[in-house]
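Computed from a predicted structure; not experimentally measured. Letters go in sequence order (proteins before strands), and every chain restarts at 1.
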Amino acid sequence: MSVNVDIWGALIENEDWKAVFGDSCRLTQTVGTTLQTGNDKRQPLDNSVCLFGFGLNSPFQNTEFVSWDFTNEELVSIKPFRNTVIPWALGATTGTTYATDAIESPVDNPVWGNTFRWLTPYPDTAEYDEYLGNNISVNRYITDFDYQQKFLVLIRAVCMLDHTESGITYHYGDLTGWITVPEWLTSGKTHYSNICKIILVPKTYRQLYSDGYFSLFTNIPFDINVIYPESDPHYNKQLLPKDWYAYRLQSVPELTYNNSNYVPLGFTIAGGYYSNVVDVRDRWMPFFKPQVGDWQVHDVINNGVWSARFAAYDPHTKTNDEIIDDIAHIVAHMGTFFIFDPTKSSADNDDPDVFLGILADGISTGNYTRGEENRLSEQFDWGSPTEAGFDPASISDSLIIDTDGSKLQVPLFASFSGYYYIMGGSRFREVWEFINDSFHDEYAELQARIDFWKTKYDIDPMSDDVTIAQKAVEWAKERIDCLQGVTTGIGQDPNTAIKSILCFPFDLTPYIATEDGYFKWGYNTVQGLQDNIFKRVTGSKSQFWVSGGELDTTLGTGTYVGKTRSFLDYAPYTTSQLYIPYCGCVNIEPDIYVGKTLNVRYLVDWITGACTALVYANNDIIDQISGQMAITVSLSNLDTVNYMNSIFQGNQSFKLAKSSVSSVLGGAISELSKDQQSSLGRSFSIASGISNAEVALENANYQLATAPVNFKQIMQGSSFISTGLDQRVRLYVYRPIKIDGSEIKHNTNWGLYGHTTGHACIINSSISNANISGFCVANIDTSGIAATATEKEMIKTLLASGVYV
Amino acid sequence: MSQIGSGQTTLAATINNLADSITLLSPVFIVKSNNLYFTATHIMCAAMGNRWYFINDIILLTGGKMQINCSIDVLKTYAASIITCPACITRAELGSPTYVPDSKLPVRAADKKLEVSTFQGGFTPDFNNNNIIVSVY
């Protein structure tokens with residue numbers, strides 16, 4: 001099953017509405033993005049409207065619905081929440097007086113019991129069957145949808161015209177299509193029973209507001225791409241366009257602020273009420289407390305809409321995008337708050353089932369709870385039980401179940417006699433605290449962690465490999481912890497935001513230009529980039545150059561020097577390798593490089609960390625060698641253990657690589673001795689001297705520097721291996737030596753060789769002009785000699801075999 | 001080994017008698033005995049175009065005569081011409097090897113001396129600084 005980590009909300013229209021209300025029940029195509037699922041009735045959308053977050057940490061991921069028979073006090077069924085679509089259900093406020101005093105307590109103004117504004121889950125009434133359930137009821141996981149990720153931000157669902165309230169003007173753009181929206185909610189006047197059945201809205205509160213509009217404040221997705229049903233045996237994508245089931249998604253195009261008091265965040269906590277909420281502010285704050293500034297739950301009486309909003313942000317200090325980010329972030333974790341409808345008993349007392357949301361995994365029920373056994377159950381942070389008026393152990397059965405069936409009491413707020421609220425569990429608070437502690441300071445924290453690492457771990461990869469491994473693991477763990485923390489805080493799969501994370505084992509600052517900035521990590525603008533830890537890299541978005549340096553002047557002029565100024569400077573007499581950090585050791589042709597200035601530059605792909613070393617002879621690119629410059633932090637599995645293992649493996653490879661160096665050397669020497677030992681009379685005892693791997697490791701550099709044989713490819717470049725090796729480009733030149741073992745230079749005395757054998761040469765000249773005074777071998781044109789033919793042949797033969805001049 | 005134009009002892013012999021008909025390349029001279037022939041290496045025969053001959057053998061004859069078997073020394077005879085003729089000299093007594101490969105040069109076939117030179121620049125391993133790149137979409 002896939003998880004819709006990014007489906008944070010969807011306004012779902014049901015086929016039944018079409019059947020009942022005709023086209024008017026549907027949101028028109030002109031508004032929002034229409035996303036359709038298959039028309040198979042087994043598709044997941046039941047007779048409901050869903051406006052929730054489905055983030056990984058949303059309560060929906062852990063919530064089940066309990067169908068409870070209050071008459072018989074027995075459990076009817078427990079259904080997974082994801083098998084359910086939660087409808088918004090709003091009642092109008094007609095005839096209700098609201099207290100807008102922020103400090104008014106619910107006791108003082110117990111409006112909750114008089115006006116029902118709530119959101120109740122409406123589970124499917126059919127038996128759960130993932131694919132083959134009742135073909136009328138919908139029994140498919142709502143999370144059984146694949147999607148093309150583009151996150152949805154639950155902002156605000158508006159079924160009304162632009163208006164201004166509390167200094168905030170809400171612009172909803174073209175709402176033509178939305179005019180019809182209220183109908184399927186308010187049509188209860190004409191299709192009362194259907195509506196009631198559908199969304200469990202108490203009949204008395206499904207009515208059109210007196211101004212002719214039904215206004216709904218709720219959450220809607222902000223943006224979305226296409227949602228596709230996950231494939232299953234019963235699903236045919238070809239039916240998609242014909243289906244009545246649709247996600248209707250609409251964004252609020254604009255919010256203008258002429259008052260800094262409040263910015264509606266769309267947390268329409270149906271079931272809460274302004275005064276009530278205020279009274280329990282401390283309890284709510286851990287959940288809803290905004291990040292900055294004050295908060296307030298606000299009702300919109302005049303528009304006949306009950307809505308709670310949180311003035312979480314000061315628009316002067318936060319941009320709209322930032323607010324949206326934060327909202328999305330919160331919703332992703334917590335979904336939409338929902339509350340059981342305590343009025344059900346009066347409205348639908350013929351229905352014995354009451355659906356309660358609970359949180360599974362023992363986190364909390366938060367909904368239906370009583371008795372001593374639940375005392376320790378996690379709830380909201382109530383402060384003290386008495387303050388909240390809630391103590392599961394103190395609640396009598398009579399307060400919970402009215403045995404006469406005429407009413408239902410589920411007294412979370414026990415002191416609110418007659419008013420019943422059931423809220424989600426403590427997971428919210430837990431999440432919030434995490435967010436509060438970590439999310440908004442995630443990069444500050446990351447910076448702190450890195451600073452900690454910087455000061456604590458003085459990594460010297462050149463010291464010894466064991467230390468490297470240990471430090472690297474600690475180093476990696478620190479970062480992984482951070483990343484996990486951040487990604488958990490965001491509730492996002494890091495893959496959705498991050499292409500790659502590369503750790504370069506050297507300071508990048510000489511090679512890339514950076515600037516202060518930010519980036520979007522999922523939905524969040526990461527502002528921590530202004531510090532010195534993270535900066536936006538400017539310039540190329542895919543690659544950058546790193547200089548590996550030029551051949552230095554230890555051999556003279558910065559060029560690859562031909563030391564003997566003879567054929568001995570070339571292959572096969574002289575061979576060369578170039579050690580290139582992160583790429584390994586490769587053969588290069590001295591024929592090309594002799595006399596040239598060598599230069600090595602790297603072209604680095606900073607998505608993958610792969611590099612290509614370009615070897616220049618003067619200004620010409622001669623060789624290209626691939627390697628890996630950066631250590632890749634696995635994104636596919638941000639798992640510390642695995643990453644630590646990878647680090648260990650890297651270190652192990654480093655060890656093996658060193659060992660392989662020695663074995664290559666030893667093997668090559670042994671092999672060489674078969675062919676050359678007898679003729680050269682040289683003892684290759686060095687081969688046996690490398691038998692001890694440890695000795696070889698310790699003396700790897702020495703052996704590399706003195707090994708008399710070629711090693712063609714010591715290893716492939718690897719970032720972690722390379723960090724343990726020389727970080728500078730090195731040129732290895734294997735020059736021939738004389739038969740007596742002495743070094744050959746340009747002025748080497750070759751003794752009688754020239755006199756007795758003659759140095760090979762090509763001189764096209766007469767012998768006299770060649771100014772040769774010694775031994776000479778030549779082919780000669782004898783046409784100018786007044787001799788017999790036989791004599792001329794004799795002359796040629798003699799000259800070809802060598803003569804003394 | 002032949003040598004151009006530098007005979008050890010040259011006897012400018014006068015041909016006063018021929019044993020028989022002779023060849024230009026390998027003449028046989030009958031001369032009056034003279035001990036100088038025993039130390040001479042060449043004979044220059046003006047009558048035969050001033051050719052120089054190696055003294056290959058001497059046969060002492062009766063009657064105070066010597067039979068001297070010779071062979072032509074073309075290098076000595078034509079030295080002046082040879083050194084001026086166009087030639088391609090492929091091996092010479094030079095001071096050091098040239099860029100022309102010389103398989104006879106006494107070097108070890110596989111035993112080499114390694115020289116290591118280090119590039120300027122390079123990397124300084126550093127886990128502590130700004131070395132992390134996070135690529136985002």
Can you tell which of [options] has the highest number of heavy-atom pairs within less than 4.5 Å of chain A?
options: B:S81, B:C88, B:P86; result: B:C88
options: B:A92, B:G95, B:S103; result: B:A92
options: B:L105, B:L94, B:T84, B:L24; result: B:L105

Less than 4.5 Å to any heavy atom of chain B: does that hold for the side chain of [X], its backbone, both, or neither?
X: A:A786; result: backbone
X: A:N599; result: backbone
X: A:T757; result: both
X: A:L752; result: neither

Do [X] and [Y] come within less than 4.5 Å of each other through their side chains, counting heavy atoms only?
X: A:T790; Y: B:L25; answer: yes
X: B:W52; Y: B:C45; answer: no
X: A:V733; Y: B:L114; answer: no

Query raised in the report: Distance from B:N56 atom CG to B:I43 atom CD1, nearest 0.5 Å?
Result: 9.5 Å

Can you tell which of [options] has the highest number of heavy-atom pairs within less than 4.5 Å of chain B?
options: A:S766, A:G741, A:S742; result: A:S766
options: A:P572, A:A760, A:P736, A:S768; result: A:A760
options: A:N779, A:T788, A:N764; result: A:N779
options: A:K792, A:R565, A:M794; result: A:R565
options: A:S765, A:C761, A:A770, A:S783; result: A:C761

Report task. Give the intermediate values and the outcome of side-chain hydrogen bond (donor to acceptor under 3.5 Å, both in side chains) for residues A:D569 and A:T564. Result -> CA-CA 6 Å; A:D569 291 332; A:T564 70; 3.0 Å; yes

Query raised in the report: Under a 4.0 Å N-O cut-off, is there an ion pair linking A:K738 with A:E743?
Result: no

Query raised in the report: So, are B:E115 and A:R735 salt-bridged, with charged N and O less than 4.0 Å apart?
Result: yes

Query raised in the report: Is it the side chain or the backbone of B:I72 that comes within 4.5 Å of chain A heavy atoms, both, or neither?
Result: both

Query - Qualifying salt bridge (Lys or Arg N to Asp or Glu O under 4.0 Å) pairs, either residue in residues 82-106 of chain B, two or more places apart - result: B:R91-B:D102

Query raised in the report: So, A:Y573 and B:R108: side-chain donor and acceptor under 3.5 Å apart, yes or no?
Result: no

